[in-house]
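The next block holds one structure in the form of structure tokens; read it before the comments.
Computation of the quantities below employed the complete heavy-atom set of this structure, encompassing side-chain atoms and omitting hydrogens, waters and symmetry-equivalent molecules.
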Amino acid sequence: MFTAQDVSKLRATTGAGMMDCKKALTETNGNFDEAIKYLREKGMAAAAKKADRIAAEGVVGSYIHMGGKIGVLVEVNCETDFVAKSDAFQNLVKDIAMQIAAAKPLYVREDEVPTDALEAEKEILKAQALNEGKPEAVVEKMVEGRIKKYYKDVCLMDQDFVKDSSKTITQIVNEAILAIGEKISIRRFTRYEMGEGLEKRVDNLAEEVAKMSK
């Protein structure tokens, strides 16, 4: 049905434990893509189980974009100092800081978006839909769909990972929770951008960061 090489490949791809990879491949009859999906779903379940734990350790990580024009500080929490010092956790923090530099989120998660900012965005989206000639009966559904896109733009946890757009930051964190075995939480971040006339460069920043990470 599947080989030891399949297990190793799945483990390298997802960061999950060997036994979890074996189980995923068994449950999905050796289908690699389905096994990845299975582990991601399991990771989300594992993250939910750990949600009530206290994550008071962690690190403040940083990332400076080439030339020192953009800088990021981000606090990522875990449960133990041992994990905070591990390579896996440190690499996760580095990836998250790089993500913030490239994708310019304004908030960590959806519940941090101020009510007035959200309502103002909804009004803009509603006006746009009406100006497009859409009937009022479907405008609300259109606004709802476009708000999800808004969240993907401004909320870090909803964004596609710049190093692998098939995953969101939520999935990246959940996979780390599954691999490391502790609650992991992105608490806060600050992004600095210096200088004028950077807009043209920033347009391709996600692509630049992705190239640098390879």
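Val60 and Val93 are not part of a single hydrophobic cluster, where members link through side-chain heavy atoms under 4.5 Å apart. Placement of Ile177 and Phe82 within a single hydrophobic cluster is found when ILVMFWY residues are connected by side-chain heavy-atom separations under 4.5 Å, directly or transitively. Follow the hydrophobic side-chain contacts under 4.5 Å out from Ile147 and you reach Leu106 in the same cluster.
Residues Ile64 and Ile70 form no side-chain contact, since every pair of their non-hydrogen atoms from C-beta on lies 4.5 Å or further apart.
Residue Val143 comes nearest to Leu125 through the heavy atom pair CG2-C, 4.0 Å, listed as atom of the first residue, atom of the second, then distance. Residues Glu57 and Asp81 approach most closely at CG-N, 3.6 Å, considering heavy atoms. Of all non-hydrogen atoms in Ala129 and Met142, the two that sit nearest each other are CB-CE, 4.2 Å. Nearest heavy-atom pair across Cys78 and Phe89 is CB-CE1, 3.7 Å. Heavy atoms only, all atoms of each residue included: Ala97 and Tyr63 are closest at CB-CB, 3.6 Å. The nearest pair of heavy atoms linking Leu73 to Ser62 is CD2-CB, 3.7 Å.
In summary, Asp33 and Lys37 do not engage in a salt bridge, as defined by a charged side-chain N under 4.0 Å from a carboxylate O. Here Glu112 pairs with Arg109 in a salt bridge; the nearest charged N to carboxylate O distance falls below 4.0 Å. Using a cutoff of 4.0 Å between basic side-chain nitrogens and carboxylate oxygens, Arg146 and Glu144 are not scored as salt-bridged.
By the side chain to side chain donor-acceptor pair (under 3.5 Å) test, Thr80 is found to be paired with Glu182, residues two or more places apart in sequence or in another chain being considered.
Glu79 places a side-chain N or O within donor-acceptor distance of the main-chain N or O of Lys183, the cut-off being under 3.5 Å. Side-chain atoms of Glu121 never come within 3.5 Å of backbone atoms of Leu118 as a donor-acceptor pair (strictly under, hydrogens ignored). Side-chain N or O atoms of Asn91 include one that pairs as donor or acceptor with a backbone N or O of Asp87 at under 3.5 Å. In this structure, the side chain of Glu75 does not engage the main chain of Phe189 through any donor-acceptor pair within 3.5 Å.
Tested against Ile36, the residues Leu10, Asn31, Thr28 include a single side chain to side chain contact (heavy atoms under 4.5 Å, CB included) partner, Leu10.
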Please list every donor-acceptor pair under 3.5 Å in which a side-chain atom of residues 148-158 meets a protein atom from a residue at least two apart or in another chain.
residue : atom : partner : partner atom : Å
Lys149  : NZ   : Asp153  : OD1          : 3.1
Lys149  : NZ   : Asp153  : OD2          : 3.0
Lys152  : NZ   : Asp158  : O            : 3.1
Lys152  : NZ   : Asp160  : OD1          : 3.0

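Taking the ring axis of Phe32 as reference, the NZ or CZ atom of Lys9 stays within 45° of it and closer than 6.0 Å to the ring centre.
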